[in-house]
Asker: 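Can you read through this structure? Questions will come right after.
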Amino acid sequence: MSSIVIDAHVHYTPPELQAWVRDNGVREPYWDVLLNSPGSIQGWVSAEKMLSDMEHAGVDKVILVGEYFQQHANCVARNNVVLDLINRYPNRIDALAIVNPNAGKEAVDEVRRRLDGGMIGVGELNFYAQNFRVDHPTFRDICHLCAERDLPINLHGSEPVGGYYLGKSTTPLHSYYQLAADFPWLKLIYAHWGGGLPFYELMP
């Protein structure tokens, strides 16, 4: 019996994304800083290059996670892009839906629509980059929706100790613990959370 290799955390960053996050109509300041800062090591790949890299690395399937945009319209646009990729490469690509809970009912409706359309969860969401709290009522509604469907939510988190770096979480760890305690039946993925805790002194 052969095993299947799945990379469960991939951000799709085609070359046009670099300019897109800076455009006045869709500006995303957080991702502009992450992607366009001097010295950024961000790579830019087309769908075809991503699939080629998967072949080279022996990866059978990827799960695309979202770029936790701040504006609802940008979340919808991103979901449209990756849904097209899923439809083009159904055996190689799955994806999580991205929303900002600050959009309220629109965010919940978007999650429901994307899950109905074949996406397999929600994320990556980011409390500090998207400016919402763990107790945000819309976020809690999204948690209930995913729990009802037995689908995961992917949350950006990181260690609270050590030096600062771009993307370092400011959300205290007890908030993530409280969320898990409040939703024990919900599948939670705390991306980036574990490695920095024991190894932060080794991180450059």
Asker: Give me the atom names and distance for the closest heavy-atom approach of Gln70 to Ala129.
Answerer: NE2-O, 3.0 Å
Asker: When you look at Ile86 and Met119, which way does the side-chain contact (heavy atoms from CB on, under 4.5 Å) test go after all the steps?
Answerer: CA-CA 9 Å; Ile86 293 171; Met119 291 188 177; 4.3 Å; yes
Asker: What I'd like to find out is whether the side chain of Arg114 reaches to under 4.5 Å of the side chain of Val76, using heavy atoms alone.
Answerer: yes
Asker: Can you find a heavy atom in the side chain of Asp116 that is under 4.5 Å from one in the side chain of Arg149?
Answerer: yes
Asker: Provide the closest heavy-atom pair for Pro15 versus Ser46 in the form atom of the first, atom of the second, distance.
Answerer: CD-N, 4.2 Å
Asker: Is there a continuous path of hydrophobic side-chain contacts, each under 4.5 Å between heavy atoms, that joins Tyr190 to Leu186?
Answerer: yes
Asker: Identify whether the distance between the nearest side-chain nitrogen and carboxylate oxygen of Arg92 and Glu55 falls below 4.0 Å.
Answerer: yes
Asker: Let me confirm one number: the CG-CD distance from Asn100 to Gln71, rounded to the nearest 0.5 Å.
Answerer: 9.5 Å
Asker: For the hydrophobic clusters of this structure (ILVMFWY residues joined by side-chain heavy atoms under 4.5 Å, transitively), does one cluster hold both Phe127 and Phe183?
Answerer: yes
Asker: Just wondering, do Trp44 and Lys49 contact through their side chains at under 4.5 Å, heavy atoms?
Answerer: no
Asker: Side-chain contact, heavy-atom cut-off 4.5 Å: Glu28 with Leu17?
Answerer: no
Asker: Quick one: pull up CD1 in Ile189 and NZ in Lys187 and give me the separation to the nearest 0.5 Å.
Answerer: 9.0 Å
Asker: When rounded to the nearest 0.5 angstrom, what is the spacing between CG in Leu85 and CG in Asp94?
Answerer: 11.5 Å
Asker: Taking the side chain as every heavy atom from C-beta outward, state whether Met50 and Leu64 have any pair of such atoms under 4.5 Å apart.
Answerer: yes
Asker: Under 3.5 Å, side chain of Asn79 to main-chain N/O of Ile98, donor-acceptor pair present?
Answerer: yes
Asker: Do Ile142 and Val108 come within less than 4.5 Å of each other through their side chains, counting heavy atoms only?
Answerer: yes
Asker: Hey, what do you get for CG (Asn126) to OG1 (Thr171), rounding to the nearest 0.5 Å?
Answerer: 7.0 Å
Asker: Distance check, rounded to the nearest 0.5 Å: Tyr68 atom OH versus His156 atom NE2?
Answerer: 4.5 Å
Asker: With heavy-atom distances below 4.5 Å as the criterion, would you say the side chains of Glu148 and Leu145 are in contact?
Answerer: yes
Asker: Using the rule that Ile, Leu, Val, Met, Phe, Trp and Tyr join whenever any side-chain heavy atoms are under 4.5 Å apart, tell me whether Leu51 and Val5 fall into a single cluster.
Answerer: yes
Asker: List the steps and the verdict of side-chain contact (heavy atoms from CB on, under 4.5 Å) for Leu155 and Leu179.
Answerer: CA-CA 11 Å; Leu155 298 169; Leu179 178 64; 3.5 Å; yes
Asker: With Asn154 as reference, evaluate Leu125, Ile63, Val65 under the side-chain contact (heavy atoms from CB on, under 4.5 Å) test and give the passing residue.
Answerer: Val65
Asker: Of the non-hydrogen atoms in Val45 and Tyr12, which two are nearest, and what is the gap between them?
Answerer: O-CE1, 3.8 Å
Asker: Just to verify, what does His11 make a side-chain hydrogen bond (donor to acceptor under 3.5 Å, both in side chains) with, not counting sequence neighbours?
Answerer: His9, Glu67, Glu124
Asker: Between atom CD1 of Ile93 and atom CE of Met54, what is the distance when rounded to the nearest 0.5 Å?
Answerer: 6.5 Å
Asker: With the threshold set at 4.0 Å, does a side-chain nitrogen-carboxylate oxygen contact exist between Asp84 and Arg88?
Answerer: yes
Asker: Mind listing the closest non-hydrogen atom pair of Pro152 and Cys146 along with its distance?
Answerer: O-SG, 4.2 Å
Asker: Looking only at non-hydrogen atoms, find the nearest pair between Val99 and Glu110 and report the distance.
Answerer: CG1-CG, 3.6 Å
Asker: Side-chain heavy atoms under 4.5 angstrom apart, residues restricted to Ile, Leu, Val, Met, Phe, Trp, Tyr: same cluster for Ile120 and Trp185?
Answerer: no
Asker: Is it true that Gln178 and Asp182 share a donor-acceptor pair across their side chains at a distance under 3.5 Å?
Answerer: yes
Asker: Can you confirm whether Trp20 sits close enough to Trp31 that some side-chain heavy atom of one is under 4.5 Å from a side-chain heavy atom of the other?
Answerer: no
Asker: Do Val82 and Val111 belong together in a cluster built from hydrophobic side chains that touch within less than 4.5 Å?
Answerer: no
Asker: Is the shortest distance from a Lys or Arg side-chain nitrogen in Arg113 or Asp109 to a carboxylate oxygen in the other one below 4.0 Å?
Answerer: no
Asker: Give every donor-acceptor pair under 3.5 Å between a side-chain atom in residues 131-139 and any protein atom, sequence neighbours left out.
Answerer:
from, atom 1, to, atom 2, distance (Å)
Arg133, NE, Asp135, OD1, 3.1
Arg133, NH2, Asp135, OD2, 3.4
His136, ND1, Thr138, N, 3.1
His136, NE2, Asn102, OD1, 3.3

